[in-house]
2 protein chains.
Amino acid sequence: MRISDAITAYILHRMEETGDGTAELQRNVLAEQLGCVPSQITYVLTSRFTPAQGYIVESRRGGGGYIRIQRVKWEPDLPPLMHVVNSIGEELVPAAAQAILENLVSQKLLRPETARVIGAALTDQAYRQIPADQRDKLRAALMKQMLTAVNV
Amino acid sequence: MRISDAITAYILHRMEETGDGTAELQRNVLAEQLGCVPSQITYVLTSRFTPAQGYIVESRRGGGGYIRIQRVKWEPDLPPLMHVVNSIGEELVPAAAQAILENLVSQKLLRPETARVIGAALTDQAYRQIPADQRDKLRAALMKQMLTAVNV
DNA sequence: TACTCCTGATAGTCAGGGAAAGTCAAAGTC
DNA sequence: GACTTTGACTTTCCCTGACTATCAGGAGTA
């Protein structure tokens, strides 16, 4: 029995309990409860609760800090967005990004304004400071993150 | 339970009450009411009610002293969001980004969906691969880029 | 009246300590 | 080889208290 599985199960269970698809926890507390080091929690979150898997994670450090995990609710006519998110690999070139966005807009899965905003965040314009060989990876991560947030 | 949150909530509540987006208070009095030291009020003001987050704070010492917090009214001229874009510096920390978005939404200058999407692109979650010391710069660049794209 | 000085009533500053979560690389497991 | 686990170190945020700066008004003086 892996600790990671226990952590995952616990988080999912908590989500069920709250009823709104949200789980809020404190890293140190949970680590203590489950008998692992705190960074193990972080590991599980980054490997199993990613946007591509339909989750949004937000957190806060310092006194009274917390971690909140939220499961994305998919509207009946929106699963295609999920497919898109899953179909994006580790890297994404600008042209492909634009194509995906245009496609989504023409299918009425994305408002034009939303597409514009997403597109703006995916142009190399914004990545001046990022080494060229890392931009496509960043682009892919951002695209997934943003598409996932469209229908929280 | 964070005292900072209570102070923040109190100030926002006061702003609602007055109706003109202004709250006036006395530091010692509020500190007494909420059971904290006066400098805690100052801390909250400097960390959560900054100009970058859309607030102006003015104060006066001595007898009859006071602190007035005012929510910035963005001019309804064109282009609406440029004020915000211009007020963002070279770097942007996550908390400030979030605060700006909330402010814009509450002033109806941004659709909640759009704010969510932008917010998603500004969390550290999306920047795992980026060196920590470059994230705030990237965040600032992305924020400007996206806000500019809202009303093309 | 006019001026200075004192005093009490404010708010501001800053350094330090504590409480969280994040990072990363090395070691372990299957 | 990919995934897991660990722990030392870092960063962020919160809270406090001692000390400082500023203001208004009154007392004293001429």
Side-chain angles (χ1 to χ4, degrees), chain A residues 1-11 23-50 52-53 56-69 90 141, chain B residues 1-11 23-50 52-53 56-70 91-99 122-139:
Chain A
M1 173 56 170
R2 277 189 304 245
I3 294 181
S4 291
D5 291 336
I7 297 170
T8 304
Y10 176 86
I11 293 173
E24 190 165 323
L25 54 91
Q26 293 204 290
R27 197 180 74 151
N28 291 352
V29 172
L30 181 53
E32 173 79 16
Q33 266 178 37
L34 300 181
C36 66
V37 296
S39 56
Q40 179 86 25
I41 312 284
T42 306
Y43 167 71
V44 170
L45 290 174
T46 58
S47 63
R48 304 187 181 181
F49 291 86
T50 67
Q53 284 151 324
I56 289 176
V57 176
E58 64 177 294
S59 64
R60 197 155 175 186
R61 307 188 191 187
Y66 61 84
I67 299 178
R68 177 157 46 225
I69 306 106
E90 282 297 299
Chain B
M1 169 51 176
R2 279 187 298 245
I3 294 180
S4 292
D5 289 339
I7 297 170
T8 304
Y10 177 86
I11 293 173
E24 190 166 322
L25 55 90
Q26 292 204 290
R27 196 178 76 148
N28 291 352
V29 172
L30 181 54
E32 173 77 18
Q33 263 179 40
L34 300 181
C36 66
V37 296
S39 57
Q40 179 87 23
I41 311 285
T42 306
Y43 166 70
V44 170
L45 290 174
T46 58
S47 64
R48 301 186 182 181
F49 291 87
T50 68
Q53 294 168 15
I56 291 175
V57 176
E58 63 179 70
S59 63
R60 199 155 176 184
R61 307 187 190 187
Y66 61 87
I67 299 178
R68 176 157 48 225
I69 305 106
Q70 193 173 358
E91 305 195 347
L92 184 63
V93 300
Q98 218 52 46
L122 299 180
T123 60
D124 270 350
Q125 307 294 335
Y127 306 157
R128 280 274 144 66
Q129 39 154 333
I130 307 295
D133 61 348
Q134 289 179 36
R135 292 179 185 173
D136 290 340
K137 284 183 89 162
L138 174 60
R139 205 185 326 270

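All chains are named by letter (A, B, ...) in the order of the sequence lines, taking the proteins before the strands, and each is independently numbered beginning at 1.
- Each of B:D136, B:T123, B:L122 was compared with B:P94 under the side-chain contact (heavy atoms from CB on, under 4.5 Å) criterion, and only B:D136 meets it.
- Counting to the nearest Å, the P atom of D:dT12 and the CD atom of B:E91 are 10 Å from each other.
- From one end of the helix from C:dT1-D:dA30 to C:dC30-D:dG1 to the other, with five pairs defining each end axis, the axis direction shifts by 10° (rounded to 10°).
- Where B:Q125 and B:G62 each meet DNA chain C at their nearest nucleotide, the meeting point lying more 5' is that of B:G62.
- Side-chain proximity of A:I3 to C:dA11, C:dG22, D:dT5: nearest is D:dT5.
- Put simply, CZ on A:F49 and CD1 on A:I7 are 9.5 Å apart, with the number rounded to the nearest 0.5 Å.
- Atoms CD (A:Q26) and P (C:dG22) sit 12 Å apart, rounded to a whole Å.
- Applying a 4.0 Å cut-off to non-hydrogen atoms, the residues of residues 35-43 of chain B that approach DNA chain C are B:S39, B:T42, listed by residue number.
- The main-chain N or O of A:T50 is found under 3.5 Å from a side-chain atom of A:Q53 such that the two form a donor-acceptor pair.
- Partners of A:R27 under the side chain to side chain donor-acceptor pair (under 3.5 Å) rule, at least two apart in sequence or in another chain, are A:T42.
- Proximity of A:S59 to the phosphate of C:dA20: no side-chain N or O atom is located under 4.0 Å from OP1 or OP2.
- What you find for B:R128 and A:T46 is that their closest heavy atoms are NH1-CG2, 2.9 Å.
- Atom-to-atom, CE of B:M1 to P of D:dC15 comes out at 9 Å; the value is rounded to the nearest Å.
- Between B:D5 atom CG and C:dA20 atom C1' the separation is 14 Å, expressed in whole Å.
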I'd like to know whether B:Q134 forms a side-chain contact (heavy atoms from CB on, under 4.5 Å) with B:Y127, so could you lay out the CA-CA distance, the side-chain angles of the two residues, the decisive distance to 0.1 Å, and finally the verdict. CA-CA 10 Å; B:Q134 289 179 36; B:Y127 306 157; over 6 Å; no

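- Toward the 5′ end of DNA chain C lies the nearest nucleotide of B:G63, the other residue of the pair B:R128 and B:G63 mapping further downstream.
- Within the 4.0 angstrom heavy-atom criterion, base atoms lie near A:R27.
- Note on B:N28: every side-chain N or O is 4.0 Å or more away from OP1 and OP2 of C:dA9.
- Proximity of B:S4 to the phosphate of D:dC15: a side-chain N or O atom is located under 4.0 Å from OP1 or OP2.
- Formation of a donor-acceptor pair under 3.5 Å by the B:Q125 side chain with backbone atoms of A:V57 is found in this model.
- At the phosphate of C:dG22, neither OP1 nor OP2 sits under 4.0 Å from any side-chain N or O atom of B:R135.
- For C:dA21, neither phosphate oxygen OP1 nor OP2 lies less than 4.0 angstrom from any side-chain nitrogen or oxygen of A:R68.
- In this entry the distance linking CG of B:L25 with C1' of C:dT10 reads 13 Å, nearest Å.
- In this structure, B:L45 places its CG atom 15 Å from C1' of D:dC15, rounding to the nearest Å.
- Contact detail for A:A141 and B:A126: the closest heavy-atom pair is CB-O, 3.9 Å.
- Regarding A:R61, its CZ atom lies at a distance of 6 Å from the C1' atom of C:dA21, rounded to whole Å.
- Between B:E24 atom CD and C:dA11 atom P the separation is 11 Å, expressed in whole Å.
- Residue B:Q129 qualifies as enclosed at atom CD: its count of foreign heavy atoms under 6.0 Å is above 12.
- Across B:I41 and B:C36, no two heavy atoms sit closer than the pair CD1-SG, 4.3 Å.
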